[in-house]
Amino acid sequence: MPQFNGLINSKLPSVGTTIFSVMSKMAAEHNAINLSQGFPDFSCSDELVRLVHENMKAGNNQYAPMPGILPLREQIAAMVGDLYGTHYHPDTEITITAGATQAIYTAISALVREGDEVVIFEPAYDCYSPAIEMSGGKPIYIQLKFPDYSIDWSAVKKVLNHRTRMIIINTPHNPSGSVLSANDMKELEKLTNKTDIIILSDEVYEHMSFDGQLHQSVARYKNLAERSFLVSSFGKTVHTTGWKMAYIAAPANLMAEFRKVHQYLVFSCNTPMQYALAEFLKNKDNYLELKHFYQAKRDKFVRLIHNSRFTYQPCSGTYFQLLKYDTICSEKDTDFAIRLTKEYGIASIPLSVFYHKPIDNKVLRFCFAKKDETLERAAEVICKISPEYAKP
Ligand code: PMP
Ligand code: GLN
């Protein structure tokens, strides 16, 4: 095919292919165990699949209403209300989206204008800054403290000004596995009180906080909830990342702006899956058990790799475990991740790619949303990684 001959003038000149696609492709090419991109290698519930099938057979195959089917929005209102104490009105304050990625992109497009500043914390999930830049906004990067990946609120205070339109928080946090505390939320409340700052709270791992820690949703705090978009993903909650189904909740005036964009970006989302989720989530165990399920996976994984040469702190949430390898070699994390994939047959994600200017703390992220047998095979490989072998 001949190439376009005119001027393209890329809107995102420094953006390439996401690390998740790069590492998953490399894992497949080298037949490596794929603990890189975050997705389960086990099935979702048979009951959920049956519900989707039944709804397809029952003829629920045409456009859903623009904000999503009402039974699912009602179910979300009930779940969020029960868990966090804020009642979102299903009619005006909850919208079903095609994954959290679309919810995040849409919220940013709807609210961020040319010249607006948006505070994001690094290492940051990779879809935030391209969305900000596409809206003409400027990402303002604050680095999380190493090695616990906590927020330095005095640094946040220093960057806030009249151009600050939005702060994006993410708890439990991808890629670090850290979680925000009640004290963090109080700090956020103090800094945003009496400002026009909107909070975009990425809570896709809302049901995956471990060791008895409460998930700190913005919906637990009235003063935060009234200026926030809360985003969650059914991909994580019911093990269906390939369905790209999520929800966003916000006060009616923010949601009205969101829907102005949503209706022209996707209009509405997959109908039979919405009916199936509405039914499936009536059983509270289907989301409340998740933290126990993944905590057991985390515990198993760290137990299995305990005698490896990596060092770690067990993660506090998400399905990602960070492993530090400075005791093994001093190679760049991107090079080391590639070599582990090609030479050892295990794929991970290097942390430096989540910074706008790479910071290499010699840390790799491993996804433990895997069958026990996969974790066992992975741990066997991880335990073999040694300084001798690791030398370039
Ligand atoms: N935010 C975070 C922190 C994520 O880890 C992910 C992806 N897993 C998303 C957003 C996007 O979620 P979805 O797959 O529902 O688009
Ligand atoms: N959220 C997943 C991760 O962090 C990947 C999602 C994607 O591939 N876009 O690994």
Side-chain angles (χ1 to χ4, degrees), residues 18 20-21 24 27-28 34-58 60-61 63-64 67-69 71-76 78-80 83 94-106 125 127 170 172 174 202-209 215 230-249 262 266 268-298 317-320 367-372 374-375:
T18 86
F20 307 119
S21 308
S24 273
N34 189 3
L35 304 196
S36 63
Q37 193 178 21
F39 62 89
D41 72 345
F42 44 84
S43 307
C44 66
S45 143
D46 285 345
E47 186 201 346
L48 184 56
V49 173
R50 181 182 56 76
L51 286 166
V52 172
H53 194 204
E54 274 174 11
N55 275 284
M56 286 179 165
K57 283 192 294 182
N60 286 325
N61 297 306
Y63 291 128
I69 62 156
L72 181 55
R73 285 182 281 137
E74 285 171 343
Q75 181 56 38
I76 292 163
M79 290 189 307
V80 174
L83 286 169
I94 294 173
T95 301
I96 309 305
T97 60
T101 312
Q102 186 240 312
I104 291 165
Y105 195 95
T106 307
Y125 185 62
C127 76
N170 170 214
N174 181 9
D202 180 344
E203 303 182 23
V204 301
Y205 302 99
E206 64 173 320
H207 301 297
M208 294 180 222
S209 292
H215 168 58
L230 184 176
V231 180
S232 184
S233 173
F234 296 118
K236 318 291 166 190
T237 304
V238 300
H239 314 304
T240 54
T241 60
W243 289 6
K244 298 300 293 186
M245 298 293 293
Y247 74 83
I248 184 160
H262 177 78
V266 291
S268 66
C269 306
N270 198 307
T271 306
M273 280 154 186
Q274 292 191 54
Y275 280 103
L277 286 165
E279 190 59 33
F280 187 69
L281 294 168
K282 281 185 188 159
N283 178 354
K284 289 186 179 183
D285 286 348
N286 286 335
Y287 51 96
L288 293 182
E289 282 301 313
L290 203 64
K291 55 178 179 287
H292 305 298
F293 174 80
Y294 276 122
Q295 184 170 326
K297 295 255 177 230
R298 177 204 66 177
T318 73
Y319 46 46
F320 303 114
C367 172
F368 57 80
K370 304 293 166 192
K371 293 177 197 147
D372 285 357
T374 310
L375 295 179

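Reckoned from all heavy atoms, side chains included, excluding hydrogens, waters and symmetry mates.
Closest approach of Asn170 to Asp202, counting heavy atoms only: ND2-O, 2.9 Å. Residues Leu281 and Gln75 come closest through the heavy atom pair O-NE2, 3.0 Å. Between Lys236 and Gly38, the closest heavy-atom pair is NZ-O, 4.2 Å. The shortest heavy-atom contact between Cys269 and Gln274 is O-NE2, 2.8 Å.
From Met245, atom CE reaches atom CG of Leu277 across 5.5 Å, with rounding to the nearest 0.5 Å. With rounding to the nearest 0.5 angstrom, the CD1 atom of Ile69 is 11.0 Å from the OG atom of Ser268. With rounding to the nearest 0.5 angstrom, the NE2 atom of His292 is 8.0 Å from the CD atom of Gln295. In this structure, CE in Met273 is found 8.0 Å from OG1 in Thr240, a value given to the nearest 0.5 Å. Rounding to the nearest 0.5 Å gives a distance of 12.5 Å between OH of Tyr205 and NE2 of His215.
Qualifying side-chain hydrogen bond (donor to acceptor under 3.5 Å, both in side chains) partners for Ser233, counting only residues two or more places apart in sequence or in other chains: none. Residues satisfying the side-chain hydrogen bond (donor to acceptor under 3.5 Å, both in side chains) test with Glu206, not counting sequence neighbours, are Tyr84, Ser232, Tyr247. Looking at residues two or more places apart in sequence or on another chain, you find a salt bridge (Lys or Arg N to Asp or Glu O under 4.0 Å) between Arg298 and Asp211. Residues meeting the salt bridge (Lys or Arg N to Asp or Glu O under 4.0 Å) test with Lys282, sequence neighbours left out: Glu279. Not counting sequence neighbours, Glu289 has no partner by the salt bridge (Lys or Arg N to Asp or Glu O under 4.0 Å) test. Take Lys244 and apply the salt bridge (Lys or Arg N to Asp or Glu O under 4.0 Å) test, not counting sequence neighbours, and it matches no residue. Taking the side-chain hydrogen bond (donor to acceptor under 3.5 Å, both in side chains) definition, one finds that Asn286 meets it with nothing, sequence neighbours left out. Checked against side chain to side chain contact (heavy atoms under 4.5 Å, CB included), Gln37 has the following partners two or more places apart in sequence or in another chain: Phe20, Ser24, Phe39. Evaluation of the side chain to side chain contact (heavy atoms under 4.5 Å, CB included) rule for Asp372 yields Lys297, Lys300, Leu375, Glu376 as partners, not counting sequence neighbours. Scored by the ring-ring contact (aromatic ring centres under 6.0 Å, His included) test, His239 finds Phe42, Phe293, Tyr294 as partners (sequence neighbours excluded).
Sorted by first and then second residue, the ring-ring contact (aromatic ring centres under 6.0 Å, His included) pairs with a member in residues 268-287 read His207-Tyr287; sequence neighbours excluded. Applying the salt bridge (Lys or Arg N to Asp or Glu O under 4.0 Å) test to pairs two or more places apart or on separate chains, those with a residue in residues 36-55 are Arg50-Glu54.
Side-chain atoms of Thr95 never come within 3.5 Å of backbone atoms of Ile248 as a donor-acceptor pair (strictly under, hydrogens ignored).
Considering only heavy atoms from C-beta on, Ile94 stays 4.5 Å or farther from Pro67 through its side chain. Looking only at side-chain heavy atoms (C-beta outward), Thr271 and Asn55 stay at 4.5 Å or farther from each other. Within the 4.5 Å cutoff, no side-chain heavy atoms of Ser209 are placed close to those of Lys291.
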- prompt: Checking side-chain contact (heavy atoms from CB on, under 4.5 Å) for the pair Ser45/Val238: CA distance, chi angles, key distance, verdict?
  reply: CA-CA 8 Å; Ser45 143; Val238 300; over 6 Å; no
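For the side chain to side chain contact (heavy atoms under 4.5 Å, CB included) with Phe234, the qualifying choice from Thr241, Leu48, Thr97, Ile76 is Ile76, the only one to do so.
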